Each structure stands twice: as C-alpha cells, then as structure tokens.
Amino acid sequence: MKLLLVDDDPTIRVVARMALTRAGFEVTEAINGADALSAVQTIRPDAILLDWMMPELDGPEVCRRLKADPTTSSIPVIFLTARSQQTEIARGLSLGAAGYIVKPFDALAIGHEVRALLGQA
Amino acid sequence: MSGEPTLRQRVSTALGALAAVALLEVVLVVVLQLQSAFGPGVGLALVVMPLALVGLALAVLIAADRHILRPLEAMAKGAYRMAGGDPARLPARHHELGVLIGAVAELRTRVGEESRETAEATGRLRAAHAELLAIVNTVPAALVILHNDGRVRLQNRAADHLIGAPPDGAVPTGELWGHLIIRDKAGKPLKPSELAPIRALEGIETVGEEVELQRPEGRRAAILIGAATLRDYSGNITGAVAAFQDITRLRELDRMKDDFVAIVSHELRTPLTAIRGALQLLLAENDSVPDPDNRNLVSIALTSCERLVRIINDILDISKIEAGQLQLRIGSIKVVPFVARAVDDVRSVADEAGVRIAIAVADGLSPIRGDDDRMTQALVNLLSNAIKFAPRDSTITVSGKAKGDQIAISVADEGRGIAPEDLNRLFAKFQQLDDPETRRSGGTGLGLTITKAIVEEHGGTISVESTVGRGTTFTMVLPRAIAAPGGLVVMPGPDAAAGTTAGRPVVLVADEDEWGRASVARAMQAAGFRTVEAATADDTLRRAAIELPDAITIPFSMRTADGHSVAELLGQHTATRPIPLVISMQPSANETRAEKPLDVSDIVTRVERTLEGRSHATVLVADDDAEVRMVLRKTLERHGFQVVEAMDGKEALALTIQHPIDLLLLDLNMPEVHGYDVIRALRRRETTAQLPIIVLSGSVGERHSLESLVLGANVFVTKPADADALVREVDRLVRREPAEAKLAGVAN
C-alpha cells in the first residue's frame, strides 16, 4: 500500500517513514504542501498522511485542494497534527479527512492506526 | 462722632473762595484716580454724584446755612465708612474739606488694594489651571473634553498622540475624527454618531467599550473608551468628557500567551515526536541495542520523554481550563466500569510500587452525569497521586457511594498523611509538597489542579481529609445522571467530533421535539449507550457524518426543509449509509402525549436488537499465556462479546470448526502450531477464508507484522495492546458486514 507522507520537518519524516515502512507500507515523502500536490499526481498514493501546520500551503489547504480535484478527491487523507484541540479536529474532518493522528504519535502503533482509519485492517 | 469738631464751627472761619478752589482740585484728582482704577466710564459715573453735590454746596456756601453744611458732614462721614478707615489717621487738615480729601484718598487706597487682590487671585487661578493641565497631560490615557456642540474644548497630550491634535478653532467632531477609521470589536466601521464621546453628548454614558482605531498612516490601536456627560447645575448637557486607553500592548500580550501555548503544543511536540519515535524503534527489536546497559539508557530516555509529553499535555489542559475552553461531552457514566477503567489505567504503576488497589462500590448506584474521558482523567490523577504516597504493601481503597442526591467517589491511601497547614495548598498550580519523593516520582504539580477543575466543571466538589501517620482521603462529589426531566439534555458542541469511547455504542437521537428527544436520550443512556442529539433534519445529517454513530433514531416524519426524508438522505452518502436507522412512529402534533405516549422502551429495544450483531459476537482468543487470555476475556466480555479461549494453535484451529466464531485474536508464538500456520490454514478453508483475524503479538519486528498481514491477517497489534483500541478494532471488524445488511432492511 502506497502512502504519501507530507511533513516539513525532516526528523519527523525519517521516524514516520521508518515506522510506517516497518508496518508494511510503501512510503514516499513530500517536504511541503506544494510538493505534496505534485507528488500526488505522479505517484497516485493509496492514502496521504498530511502534517497540519506547514509554511505557505498548510495541511488544511492541501486537503481542501485535494478534495476539490476530482482526480484526487477519493484518496483518503489522514492528518498528522500536534494539536489536540477539538475545533481543529472537527475542522479537519469537515474538510473530508478520513481521520487524524495526534503527535507525538506512537511509532509502534502508527501503522496500525493508519490501517484502522482507512478501514483496511 | 462726639470727638469730631463740627463742620459749622470750621466753615465759619474758612473763606468761600479758597474752599471752592481746593474742592475743585480735589474733584479733579478724584476723577483721575477713579478713572485709572475703574476705567473711564465707571470713574465718571462714580464722580458725577459727589461732584454735583459739592457744586451745589459751593453755590450756597456764602448763605452758609447749617442745613447745607450738615449733609456735607454726613457725606464726609459716609466716605469714611465707605473706605472703612479711621478718620484720625488722615492728614491733619483740620477743616471739613481736608476730611473729605482724606476720605477720598482712603477710598483710592482701598480700591488699589482690591484690584491687587483680584490680580493675585487671577494669578493663583491661572497657576491652578496650568497645574491641572500638566496633570492631565501626564496621564497616559487620552482625555478629550467636548463642548455640547461637539467642538473640542480640551484634549491632553496623549490624545494628541493617539487621535491627532485638534486643528485650531471650531471643528465639528465628525470632521475632527474623520481621518480615523474606527471599528467595533467585530470589525464593523463605526459612524461618528456611534462613537462613545458623541453618544455622551446625548446623555448616553459608556464604560469600557473596546474599539479598534486606525490612523491615516495605517497604525492600528486597540482602544478602551469611557465617556461621561457633563451637565450644569440645572441638568443641561454642557459637553462630554471621554477617556481613551490604548490597550494594544495588552492585546499583544494576550496574543503572545496564545502563541506561546501554540508553540508548546506544536514546536515542542514535533521534536518530541521524533525523539519518542526514534527511541521506540530502537527498543522495538532486541538486537538493535544488545548491550543491557545501553538498553537501560535508551529506556530511561524513553521514560523521560513520555514524562515530558505528560507535562506538556497537563500544561495544555491547564491553559484550556483557564481560558474556559474545557469542552465536556456529557453523558451517563456507570460507576463500576468507570472505576474499573481508571484502576486498570494505573495498575502497572501500582504493581511496580507494590501497592494494592481495593474497589468498594456500593450496589445499585446511579450513574454519574459527566464526560467519561475527563472524569476518568480526574480519577486516574487521584489514583496516581495516592500511589506516589502509599508505602509498599499498603492498600489504596477506591469507594463509591450515594451521598444525598449525588455520588461520592473516594480514594483513600495509607500513606504518611498531610499536615493540616499544607492541605489548602494541595490544589494550587505547580504545588508539590516539599518532598523529594514526589520529585523523584515525576509529578507535574498540575494533576490535582486539573482534577479539581474537571470536577468543578461538572458541577461537583472535591475535598481532602488527612491524618498524619494514617493516610489521606480525596473525595469527589458528583451529580447523578438521572435527574429532573430535561436535566440530561446536554447538546455536545459542534466540536465534539473527536473519536468515541471504545465499546460504548453511540446513538444519535434525532427529534425536533425537545421532550421526545430528551426521553429517548435518557432511556438510551440508562441502557448504557452514549448519546448525541440533533434537533433538526440538517443537524441530523451533519452530526451523522461527523460523529458516525453506531445507530440513529429518527421520527418517521422528520424531513429537511425541502421535503426530503432524512432516512433517504442518510442512505445516499457513503459515510452514513452503513449506519443502522431506527425509525420511531411518533404521535402527530394534534395528539397529546398523554393519550399516546412515545414508546421509549420500544425504541431502546429496537436499537439494542439492531446492534446485537456485535454484542453477541463470539471472539476466539488464542494465546498460550493464561494470564493474557484472562485479561482479554475480561476486556471483551465487559464490552458485550462472547469469548472462547484456545491455549495453542492446534486448539484454535479445532475450535473454529466446532464453534461459529466471528473473530480470532491470535498470538504468534504458540507451541504445537505457530500463529502463521493458523492463519494459513484458516485462509485455505472456505468457511473461514473471510474470518477477521487480529494478530496480537509481543514480537514487534517489522518482519512479523508484514508476514502476518501477507498471510491474511486483518490487523497486527503489538502487546501490550491498548484495551480501548483493541476493542475498537474488534468491534469494527465484527460489525462491518451486518451493518450493511441492516440498512437494506430499513430502506425497504
């Protein structure tokens, strides 16, 4: 299963990639929102793990654009957010996200969480 | 008067001509003096009268009648009185004209004194005014005093700085502040007539109104305005005084605080995520850190990292509480499972500390009205706190009993107790009683503060009793769930979209009628469901999509504004289609409820039957560790599943043939037949090819999870598994098929 991992923080990308690869995913990284939007077109991931807070194009905006584009609207988006505020979570879900994973995530459980959110366990 | 020589005696010796000349001289002097003192008009007027009288007296002087001299004498005395002086001090001209001259001279002196006093008073007044202006100018708030026609009468330097100096002369107010853009807090521009100082001219006074003010050069300022009406003694409005306080810095500080919390939340969590993840991955495989000492070091780093995460969460909780943003999702909490859950949470810590936890909950206790997650957090805090202070081999007792109309939950330890003088400090922020042990055990000092805030937010109280040497008891007194009708109708806010608590099915109760909704919700809660409520058709669709409840109850008649039936619309969307609907036939509007009451228990039964698919599902637990089997059985049974146990792979395979099994929870490393072989065998068999399998393994390696999933397991979970997460998975896997089938039934 192909995952696109979008986070502007390289250390998070390394840890998340290792954890997700370990959990059996094929992981491609994108370093910001714009990168993510172009990578989606080339690699056609099965799901996108999207950081909430990024410079310029932030996570919610990327999600909004993905959902507005009929060629990408069906790809499930899972937010990676350091925030646990309910308003933001609700906003993320209202943008059409499949779910969210709160940072700091559990490296040993993240793969399981992703599968659970995608309903593909 | 008696000592005075009479005028008549003196006049008899005086010469008329001499007198006339002398008098004329006097008159001239007086006129000149009075003119210089009072100005020409007044001087003349003051002189005319005496002049006329003196002229008349001279004209008849030769006739020298005593009747003429007497008025002159009286006049002179009058002049003395007028001057208020003493005639004895006058130059010794011992004749009547001399007296008159003296009187006039005295008058002149007095007038001079009066005008000097007036000048002094004016000076003092000017000084006071300057002083007042200096004070007004020193005040950091901008002050403006307006005439009743809106012109500025006075404004201080701060006002010049803030809104610009008023141009010279009379400027109407509207024009005066025309160069500023003033908006209210919502950002709406205000018309001049809406400004507080102008309203004050109409008699409407303002205290502390916040506006935003934008100067022509673009500088924006947050301003607090107060304005008062000025009136004269008869109540007529004479003007207004307004004070503007620049609170831009204050607002900035506020924003900085929010930013800081956001930084704590994000910037600090991001590196922590990396550290925690890296350490977890390092420890995950035994061979990546083979040296025991090094493994120990990595464990210490991981433990400290977890602690840091806890501290950050606590700080965020506190700031949320202080900002009044703690959102509660109120439901009904059954006391026994609630206490058990909290105790489960701290079990491992208690075991490590060698502390036993005893549970003593009274029978038949009503549920608590509250937010399950937050109340669990509160009780876990109290338990963690008690474990910290409990000596080894002691017992902590959690008890629950009714207390009047409320429920009291207590946590009692057998620790050293707390000195009375320290008791009231307990709930303060960052307060740890001076004790090296606490520091060592890693408290944040925020736990009790958060607990108290949570309890109080629920309308409860928390108290503490302690006896030094005997132990400490914390008691939370909380409201009961079943209260007066309507007491439970708590609509969760639109933000309550965060996940649902595992194992407790969520029912969305939709009804336009408040009474109907409340009764169904109350009955659902009493039957152990969590409820979410919706009052309109649109709200129902929205909440169904956000909350993804386990079931929805709607009245048959419920339609959206354009007439579409809610049931139909729910069926059209992928996300809401699988949710089973229970449609109630409700009394129509013209029937009274007493005649045909809503059959609440029927709705509950139908919801229960609809969700039966999962509550009666059978889970096969295959693990060679008896203790693990026992824990899993307990957990699953608590959530309504039937549990069958297998102690190895061979038995597991046998049982799947004998029993109708809905799901398999499988350990990998088992004697006889390995977990992998169980999966292989089950997938080959037609009857079990679709059987949901969750692999629960202590071996975390990537290889194991990958292998299991490749072989056909649905989920790989590492031990120790989070009970809630596990139940959620079991629940989801078991329910997927039946939920779809049920909708088809409803749609027909």
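Computed from a predicted model, the values in this text were never measured in an experiment. Every chain is numbered from 1 and lettered A, B, ... according to where its sequence line falls, protein lines coming before strand lines. Reckoned from all heavy atoms, side chains included, excluding hydrogens, waters and symmetry mates.
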Heavy-atom closest pair, residues [X] and [Y]:
| X | Y | value |
| --- | --- | --- |
| A274(B) | T11(A) | CB-OG1, 3.6 Å |
| V15(A) | A278(B) | CG1-N, 3.9 Å |
| A107(A) | G277(B) | CB-CA, 3.6 Å |
| P104(A) | V309(B) | CG-CG2, 3.7 Å |
| R22(A) | A284(B) | NH1-CB, 4.0 Å |

Quiz prompt | Point-to-point distance, once rounded to the nearest 0.5 Å, from CG of D106(A) to OG1 of T273(B) | solution =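 Here the rounded value is 11.0 Å.
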Self-check item: Interatomic distance, K103(A) atom NZ to L272(B) atom CG [nearest 0.5 angstrom]
Solution: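 Here the interatomic distance stands at 11.5 Å.
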Exercise. Step through the shown structure and confirm whether more than 12 heavy atoms of other residues, nucleotides or ligands are within 6.0 Å of CD on E56(A).
Key: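 No, not enclosed.
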Self-check item: Q690(B), CD atom: more than 12 neighbouring heavy atoms under 6.0 Å
Solution: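 Not more than 12 within 6.0 Å, no.
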Practice problem: Under the side chain to side chain donor-acceptor pair (under 3.5 Å) rule, collect the residues that match up with D35(A), sequence neighbours excluded. | Solution: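 In terms of side chain to side chain donor-acceptor pair (under 3.5 Å), with neighbours along the sequence ignored, D35(A) is linked to no residue.
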Quiz item: Considering residues at least two apart in sequence or located in another chain, which fulfil the side chain to side chain donor-acceptor pair (under 3.5 Å) criterion with S304(B)?
Solution: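 For S304(B), no residue satisfies side chain to side chain donor-acceptor pair (under 3.5 Å) once neighbours in sequence are set aside.
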Exercise. Measure D7(A) against the heavy atoms of chain B and call it side chain, backbone, both or neither at under 4.5 Å.
Key: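 Neither the backbone nor the side chain of D7(A) comes within 4.5 Å of chain B.
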